[in-house]
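Order of appearance sets the numbers: ligands from 1, and atoms from 1 within every ligand.
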Amino acid sequence: MVVNLISDTATQPTPGMLEAMFSAAVGDDVFRQDPTVNELEATAADLFGMEAALFCPSGTMTNQLAIKCHTRALDEVICEEKSHVYQYEGGVYSLLSSVSMNLIHGERGKILPGQVSAAVKPEYDWLPRSRLLVIENTCNKGGGSIYTIAEATEIVREARSHQLAVHLDGARLFNALVETGEDPRQWGQLFDTVSLCLSKGLGAPVGSLLMGDTAMIAEARRYRKVFGGGMRQAGYLAAAGLYALRHHIDRLAEDNARARRLAAALTQLPFVARVAETQTNICLFDLKDRSAAEFLEALRAEGVLATPFGPRTVRFTTHLGVSEEQIDFVIDRLQRLSRSTAPPARG
Ligand SMILES: *Cc1c(COP(=O)(O)O)cnc(C)c1O
């Protein structure tokens, strides 16, 4: 058995999802004539109570379209320093939108009350113009941390009091919402634009959605085309996304519970120094006496794949391809590793 905890992008389409893809009605989406893409976009907009949605190849594209549409050259984007838009999108905001980043040092990737006001720059010719706030829920590099709607509301209120636009990188938003019980419409109401990944825990092979008002999404559609993201018979992919929204949201609670099982088991192991609080499907932990590279090599030999997240930090990510039995297997292998590497017993 090989258990893949590297990322929730490792999912394979389920038989039901493949069936939906095979039987999709398609057309040329650049001419807006793909009925399945149109249905996905209408469904997503309705789910978030927003006017419109745009189907894109990736979450990098939906985030960068939001930055493009909310800013002008020489503006700055305010975000937490662990944010995906800063860490993992190649710095492309500088290329596509000619903006800079103003980074906040928050907690587990989350911005705290007061920090946005403190970060906003006054209007001087020699300063970048603070224009957009991006927050991430759940925060990947923060270990899958959750913002509650109450926390987000306070931060967004602060941002709006400084005339900032607000974008939500909700790549894994539903991993949070299945825990808090909040309605996606509450989140749609709060933000100007929302990005959601279909290709993470929701299990679609490709795709992300950008939600916003009609004018903003029309503008994003123009930029999607010129950035090279206009797809033709994309309905085959949209069908997977529709299937995911209809069948794979509630089950994210299982992924979260499985990550917490892993976290609980890790705290019992002698070679684990610290396990971060595990709220959703991402579990980060630090090793005591070995590097992440060494540990992952030994773990790989036992049939478990995971990701280094620092010199002594490892990330486990659960997803719909990881069953309860596979979690049992991983825990068993971790316990074996601790026996095989424990110092010899004395006496
Ligand atoms: C995965 C992810 C994205 C988008 O990544 P793509 O690989 O471009 O689809 C954006 N934000 C967060 C927080 C993510 O985890």
Part of [X] within contact of ligand 1 (heavy atoms, under 4.0 Å):
| X | value |
| --- | --- |
| Ala171 | side chain |
| Asn63 | side chain |
| Thr60 | both |

Would you say that [X] contacts [Y] through its side chain, given a criterion of any heavy-atom pair below 4.5 Å between the two side chains?
| X | Y | answer |
| --- | --- | --- |
| Thr307 | Ser7 | no |
| Leu252 | Asn281 | no |
| Asp192 | Arg160 | yes |
| Leu299 | Val314 | no |

- Query: Is there any N or O on Asp169 that sits under 3.5 Å from an N or O of ligand 1?
  - Reply: yes

- Geometric class of the Tyr88/Phe309 ring pair [parallel <30°, tilted 30-60°, perpendicular >60°]: tilted

Those atoms of ligand 1 less than 4.0 Å from some heavy atom in [X]:
| X | result |
| --- | --- |
| Ser58 | 8 (O), 9 (O) |
| Lys200 | 1 (C), 2 (C), 3 (C), 4 (C), 5 (O), 14 (C), 15 (O) |
| Glu136 | 13 (C) |
| Arg172 | 15 (O) |

- Heavy atom of protein closer than 4.0 angstrom to atom 7 (O) of ligand 1: no

- For atom 9 (O) of ligand 1, closest protein heavy-atom neighbour: Gly59 N, 2.8 Å

- Looking only at protein heavy atoms, what sits closest to atom 10 (C) of ligand 1 is His84 ND1, 3.4 Å

- Look at the side chain of Gln233 and the backbone N and O of Val26, then say whether any donor-acceptor pair between them is shorter than 3.5 Å. no

- Query: Counting N and O atoms only, with roles assigned by atom type, does the side chain of His162 sit under 3.5 Å from a partner on the main chain of Leu164, one being a donor and the other an acceptor?
  - Reply: no

- Verify the distance criterion only: is there a donor paired with an acceptor across the side chains of Gln279 and Glu179 at less than 3.5 Å? no

